[in-house]
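Quick note: residue numbers are just sequence positions, from 1.
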Amino acid sequence: MTDRPLVRVLGPVRCTDRAGGDSAPAGAMPRRLLVALALAGPEGRSVTGLTDDLWSEEPPRNPRAAIQMLVSRLRASAAEGLLESTPTGYRVAGSDLALAEAAGAADAEAALALWTGEPGADLEPDALADDLVVRAARARSRLLRLAGRRLLDDGRAADALPLLERLVEAAPLDGAATALLMRAAADDGRVDAALAAFAAHRERLADALGADPEPDLVRLNAELLRAQAAPATGELVGVRAATTPLLGREADLARLEATVPAHRLTSIVGTGGLGKTRLAHETALRLADRYERVVFTELAGAQGDGDVELVVGAAVGARPVQRARRLAEALPPDLPTRTREVLGARRTLLVLDNCEHVVDAAAALAADLLGAVPGLTVLTTSRVPLLLPGEAVVAPRPLAAATDAAALFVERATAARPGVALDRELVERICSRLDGLPLAIELAAARLRSMALPELDARLADRFAVLVGGDRTAPDRHRTLLAVIEWSRRLLSPAAAEALAALAVFPDGFTASAADAVLQTDAAELLTELVDQSLLTVAEARPGRSRYRMLETVREYGLRELRDSGRLADALARFDAWALRFARATSPGLLAGIDPRAAGAVAEEEETLLALVRRDARTEAAVAALALLAESWLYRGEFEPIAGVLPALLEAGRVPPASPEAVSETIRALAIGTSVALIASSPEAVRALALLRRLVRHGDAPPGFWTVFARELLLAPGFTAGVGALDALAADPDPLVAAFALTMRSQLAENAGRLDAALVDLAAMDALTTRHGYTWLRYLGRINIASLRSQRGEHAAALAVALRTRREIEELGVETDVRQLEWLVAACRLSIGEVDEAERGFERLAGSRGRGGAEDEADNRVLAAAGLAEVATVRRDAPLALARWDEVLAIQARSGSPWRLLAAGGALAAQVELGVPAASLARPYRRLRTRLIAVARLQNARIDAPVTGSGLVGLAAALRPVDAEAAQELLRLGAALAARRDLPSVARVLAGIAPAEPPGPDAAARVIALLRSPAVRRGPAED
């Protein structure tokens, strides 16, 4: 089932060896290690967890070293890549257990062949072996159930029987397993065996639990008993057996099999092309043995309400109305009476297919027949429910593109042209574009008779022209995709039909208020009609807030209709007007902090607003959308999408704003985009600054936060001038401007190593933001407060602030990136001795993913790996700690990344502490020294003092055995630069060194001079 190297535990423990075969590991402990990692799955197992698995009672003195030895032994003989290291331990590339647990119905029979014996038989009996036995048994039972059900559904009852007998043997008290076995036996013509299976199950339940079988099983037994004296299947009228497998609908069929007998009226409801008729035929066939007669009635040919009774009467075999010729003759019954008589003669399932175009008449007839014929059950298919009392609605969903839809496409495509080349990724993309609609997929697959898959993908830009033909026996309304949608449209009122087209301008769904704006009316009734006709779906995007969505196929039909009728420009203009109003109404909720309602609304409309920008970034609506999105991403810590829309921002910035509001929005968007571009050293930053300068220096530039931010900081003639402006801005009457200025000034103070001054500014900012409700700035400030206290070694106080801030963010319910906060919590816990809690925090951080792009991800990995390395160092586990520090240094982050510099300093200090010889430290020493010089030269006046100081402390630790005096100079300067004391390896080197006055504006020069001094430059010598 896979070409990857595997660990095999479903039988004797074996693994793929270097020759590509399977071999048993030598010794009991390597076997146990492989079993533990196979049970752990793709997440792997930490060293601590593996210790518990392998030595539950008496672990060795150094379990990590013992595990490393076991891993080394296995790697020497195992296939390349079988055993992989993780930040916390190890994992295996794959296992037969994982394959068995992941296998679906289509692969179940093949997966059962993975068992080569009794799992756990070659292990000592203990918790690990018990866990393997339980997991393997559970997986085997699931596969037996899936394979047996699939064979049964495919009409291969004889093949299903042995699998289901094994299933019942494995799960003797499972009523569902017994039901499958009974069904298989009955379908194979062995009703006596099915009844015997029920009797055995009843005895087992009574002996083990003193209980009776489930009601469904009792009913099945009763039906089989009746079947012994009755025909195996009721009379079928109009029911057709499929010529191809019905893929991806097993769950829907199971629901229908349970629902139809339990309700007198069931409706299969969904959009056109979903396969409702096929489901109804298959359901009728599966339920045929529960009824004496099954009648399938196709209402598609009914031209109007008056035809419904005639079509149904003809289908059930009611005689047409005749007139009496003489007074002495009895009058024959009329058609309705005769229809009721025929249906009442036997227990009947009546299927009414395609009711949507005559739904009122179909509903009236169903209500009349159900009231008059107690033994009647009705199943309907429609794009709208009948809305009768007691109606059960089953609404099948489109097929999942990556699984069932792709399987259907492949099956139909290979049937149309055997040997056709099919790229799985492209197949899934096509199925996604076709909304997972079975009809559309079948029509698309049929086109591969005459074109290649990439050609089909390209031509789907006009899907209605491509998706034609298909099954010659299908009704006209299913011969083309266009006909499917047009059939639905004809059932709409004129106003709803117009609304369907107009709402197609929304690319990612819409709210009721957005629909009101585009339709310029109260759209509630129109939306209800479209939902009832299955042309829209509705769900709660957030509690109490509904969102409507349109299948992409229906949406393209609507856009096509707008284009053909010349209404597209008008509809887009109304859409743009809505977007402009939405952006301007929502923005204040962000500017004042994070209003959860505003943030949630922006997240919901993000794709819609981006589509507006992609269409034309120069419009007033697009500029407002860009400003709103950029600000939202900024607050959520997502810098990569801001960089992604920078070209659109530059395009928008070249167009003169049309209104004062547009000027403010353009400045806001460009200010945020320019900031990100400057941080990323993007070449587009120069153009962005030029556009921003033109706007801000214009006489009509409105006052406000972003104008002040751009003018005083981004556009300041130099760094010193920008810093000087913060003093005035901190006293600005606009509290938002003042709060942001205090934040910026505290950041600059922290960078300069003036931690006391930074805390004073942050305290003032906290009071200001709390008073005015600037939520985002408040929690940003509190994260910085926790960070500063942590840097100063006040770990308990920092932890309290960090935990309180995390609770506030969670209560706010806003999606944002809090990885720095998570790192702070873990680092503080480690510093106060809560080592296990710290390790769990760093492990969570290792598994998290940020939103800032590849560099941000690298920084995240550095942080998490360094934290785990610090944990191992604190525990004095030298082999594991050194291995983890090596992993930290191997992560390819930006050379000037502050987190990478901090980690490099910590690594050097920790390696000295762990006893690494000075000669072995020469190369990392030189690398860190060179990097610190480069960063100091680049940053100059903006040097990050705590980061640089931490690097100097790492160098000092490595230099001390060689030149204690030079090392002391590095330590004194590192302490003056406020080296971070929340890195335990750095803090231990700083122990006893009192903080000193920051070196001032010449800090970079002093750092470079010391690093270039002969003693420091020489450093430890290599062997």
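- By the side-chain contact (heavy atoms from CB on, under 4.5 Å) test, A98 is found to be paired with S95, residues two or more places apart in sequence or in another chain being considered.
- Residue R397 places its CZ atom among 12 or fewer non-hydrogen atoms of other residues, nucleotides or ligands, all under 6.0 Å distant.
- Under the salt bridge (charged side-chain N to carboxylate O under 4.0 Å, His left out) criterion, E169 pairs with no residue at all, not counting sequence neighbours.
- Counting only distance, with no hydrogens or angles, the side chain of T339 and the backbone of T337 share no donor-acceptor pair below 3.5 Å.
- For V237, the side-chain contact (heavy atoms from CB on, under 4.5 Å) criterion is met by E235, R293, V295, not counting sequence neighbours.
- Listed by first and then second residue, the side-chain hydrogen bond (donor to acceptor under 3.5 Å, both in side chains) pairs that reach into residues 181-190 are D153-R183, sequence neighbours excluded.
- Of the possible polar contacts, one joining the E391 side chain to the L387 backbone as a donor-acceptor pair under 3.5 Å is found.
- Residue pairs meeting the salt bridge (Lys or Arg N to Asp or Glu O under 4.0 Å) criterion with at least one member in residues 137-150, sequence neighbours excluded: R145-D174.
- Using a distance-only test at 3.5 Å, with no hydrogens or angles considered, a donor-acceptor pair links the side chain of R204 to the main chain of P172.
- Legend: residues meeting side-chain contact (heavy atoms from CB on, under 4.5 Å) with E428, ordered by chain and number and at least two apart, are A402, A406, R424.
- Residues passing the side-chain contact (heavy atoms from CB on, under 4.5 Å) test with S382, sequence neighbours excluded: C355, E356, V384.
- In summary, the side chains of T266 and T259 do not present any donor paired with an acceptor at a separation below 3.5 Å, with no hydrogens or angles considered.
- Residues satisfying the salt bridge (charged side-chain N to carboxylate O under 4.0 Å, His left out) test with E101, not counting sequence neighbours, are R135.
- For E109, there are no salt bridge (charged side-chain N to carboxylate O under 4.0 Å, His left out) partners at least two apart in sequence or on another chain.
- Listed by first and then second residue, the ring pair (Phe, Tyr, Trp, His ring centres under 6.0 Å) pairs that reach into residues 370-396 come to none, sequence neighbours excluded.
- The side chain to side chain contact (heavy atoms under 4.5 Å, CB included) test with Y291 is passed by exactly one of L376, T377, L350: T377.
- Here the side chain of H281 pairs a donor or acceptor atom with the backbone of R240 at under 3.5 angstrom.
- Among residues two or more places apart in sequence or in another chain, the salt bridge (charged side-chain N to carboxylate O under 4.0 Å, His left out) test is passed with R202 by none.
- Between the side chain of R547 and the backbone N or O of G509, at least one donor-acceptor pair lies under 3.5 Å.
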- Message: Does L399 form a side chain to side chain contact (heavy atoms under 4.5 Å, CB included) with F409? I'd like the steps, not just the answer.
- Response: CA-CA 11 Å; L399 301 179; F409 186 97; over 6 Å; no
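- With hydrogens and angles ignored, the 3.5 Å screen pairs a side-chain donor or acceptor of E529 with a backbone N or O of S493.
- Here the side chain of D252 pairs no donor or acceptor atom with the backbone of P396 at under 3.5 angstrom.
- Residues meeting the ring pair (Phe, Tyr, Trp, His ring centres under 6.0 Å) test with H263, sequence neighbours left out: none.
- A salt bridge links R286 with E250: the distance from a Lys NZ or Arg NE/NH1/NH2 to an Asp or Glu carboxylate oxygen falls below 4.0 Å.
- With D423 contributing its side chain and L426 its backbone, the two residues share a donor-acceptor pair below 3.5 Å.
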- Message: Let's go through R340 and D368 carefully: what are the C-alpha distance in whole Å and the side-chain angles of both, what is the deciding distance for salt bridge (Lys or Arg N to Asp or Glu O under 4.0 Å) to 0.1 Å, and is it a yes or a no?
- Response: CA-CA 9 Å; R340 288 194 291 270; D368 177 64; 3.0 Å; yes
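- Panel note: side chain H357, backbone L299; a donor-acceptor pair is recorded below 3.5 Å.
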